[in-house]
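Structure, as C-alpha cells:
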Amino acid sequence: CRLVLTAVGRGKLGLSTGAAPAGQTDPDMPLADMPDPYKKPIKKCVLCRQDVPLDYKNARLLSQFVSPYTGRIYGRHITGLCQPMQERVAELVKKSQKFGYMSQNIKETFFLSDPALFRNPLSGPSVAAPASKSSKPSTSSTESEKDGN
C-alpha cells in the first residue's frame, strides 16, 4: 500500500491510499452535500403550515385576528403570523369591513359568549346565593361583650 498526496477542497492536501478509485472521495473526509445538522428548521405560521385559503368573505376566520373590544387588528407578536400573511390578513379584514361582512368596531355578540363548561346540567339553572342583611356583626352583641369584661 503506498500513500499518495491528493488535492482536496480549496488547495488543501490530504493523504489517501492508492487503493481508492479515482472517482470516489476519501471516506474520512466530510461530505460536501451534507445538510447542517445544527441549522434550526424554518418556522412557518399557522396559515402557511396548514395552507389555509384566505378570503374576505370568511368573516369567521378573519374575526380571530381582530380585537373584540376595540375592533383593531392584532399585531404579529399576538397572532404569530409571518409578515406576508399578516399583511394579507390586514388587507382582507379591511376589505371585509368595507363590503359589510365584518363589523367596523366590534365582533358579533354571539362570538363573545363563553360556553358554560363547568355548570352541572343536573342541578338546573344556577341560582345566586341570597344576600345577607348586614355584612358587619350586630353592634348589640359586641356591646354586651364589652360590658361583661
Side-chain angles (χ1 to χ4, degrees), residues 3-142:
L3 292 176
V4 179
L5 288 175
T6 58
V8 178
R10 297 181 180 167
K12 295 181 182 177
L13 295 178
L15 292 176
S16 69
T17 60
Q24 293 182 351
T25 59
D26 188 13
D28 292 333
M29 296 304 294
L31 298 174
D33 58 345
M34 181 177 164
D36 185 9
Y38 299 107
K39 184 178 179 182
K40 292 184 180 180
I42 298 172
K43 292 183 181 179
K44 289 187 170 184
C45 70
V46 67
L47 296 179
C48 294
R49 202 173 339 138
Q50 300 295 327
D51 197 26
V52 177
L54 294 176
D55 189 23
Y56 70 95
K57 293 178 266 187
N58 192 353
R60 191 170 221 166
L61 173 68
L62 295 175
S63 68
Q64 296 178 10
F65 303 106
V66 177
S67 170
Y69 304 107
T70 62
R72 295 184 65 188
I73 301 168
Y74 288 128
R76 283 184 58 209
H77 65 283
I78 296 172
T79 61
L81 297 177
C82 60
Q83 184 66 35
M85 282 297 155
Q86 180 71 24
E87 291 171 359
R88 177 122 167 92
V89 164
E91 172 190 329
L92 291 175
V93 165
K94 291 175 187 174
K95 187 174 183 180
S96 180
Q97 289 173 347
K98 178 181 175 184
F99 289 120
Y101 288 102
M102 288 181 66
S103 173
Q104 292 284 340
N105 296 331
I106 59 172
K107 290 185 186 178
E108 296 291 333
T109 55
F110 59 86
F111 288 132
L112 294 175
S113 63
D114 292 331
L117 297 176
F118 302 108
R119 188 181 314 154
N120 187 355
L122 301 175
S123 66
S126 60
V127 178
S132 63
K133 293 179 182 178
S134 172
S135 61
K136 296 181 181 179
S138 66
T139 57
S140 62
S141 63
T142 56

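Under a 3.5 Å cut-off, the side chain of T70 and the backbone N or O of S67 do not form any donor-acceptor pair. Without hydrogens or angle criteria, R49 side chain to K44 main chain gives a donor-acceptor distance under 3.5 Å. In terms of modelled atom types and a separation under 3.5 Å, the side chain of T79 and the main chain of G75 share a donor-acceptor contact.
For Y38, there are no ring pair (Phe, Tyr, Trp, His ring centres under 6.0 Å) partners two or more places apart in sequence or in a different chain.
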### Query
Can you check side chain to side chain contact (heavy atoms under 4.5 Å, CB included) on L61 and V52, steps first, answer last?
CA-CA 10 Å; L61 173 68; V52 177; 3.9 Å; yes
### Derivation and outcome, side chain to side chain contact (heavy atoms under 4.5 Å, CB included), residues L62 and M102
CA-CA 9 Å; L62 295 175; M102 288 181 66; 3.8 Å; yes
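The heavy-atom pair separating Q97 from Q104 by the smallest distance is O-NE2, 3.2 Å. Closest approach of I73 to Q86, counting heavy atoms only: CG2-NE2, 4.0 Å.
Within a 6.0 Å radius of CD1 in I42, other residues, nucleotides and ligands contribute 12 heavy atoms or fewer.
With a 4.5 Å cut-off on side-chain heavy atoms, M85 and V46 do not count as touching. Side-chain contact between Y74 and V89 is absent, with no heavy atoms from C-beta onward closer than 4.5 Å.
In this structure, Y101 and Y56 have perpendicular ring planes: the angle between them is above 60°, well past the 30° mark.
Between the NZ atom of K43 and the SG atom of C82 there is a distance of 13.5 Å, given to the nearest 0.5 Å. F65 CZ to I78 CD1: the interatomic distance, rounded to the nearest 0.5 Å, is 12.0 Å. One distance of note links CD of E87 with CZ of R76; it measures 8.5 Å at 0.5 Å rounding.
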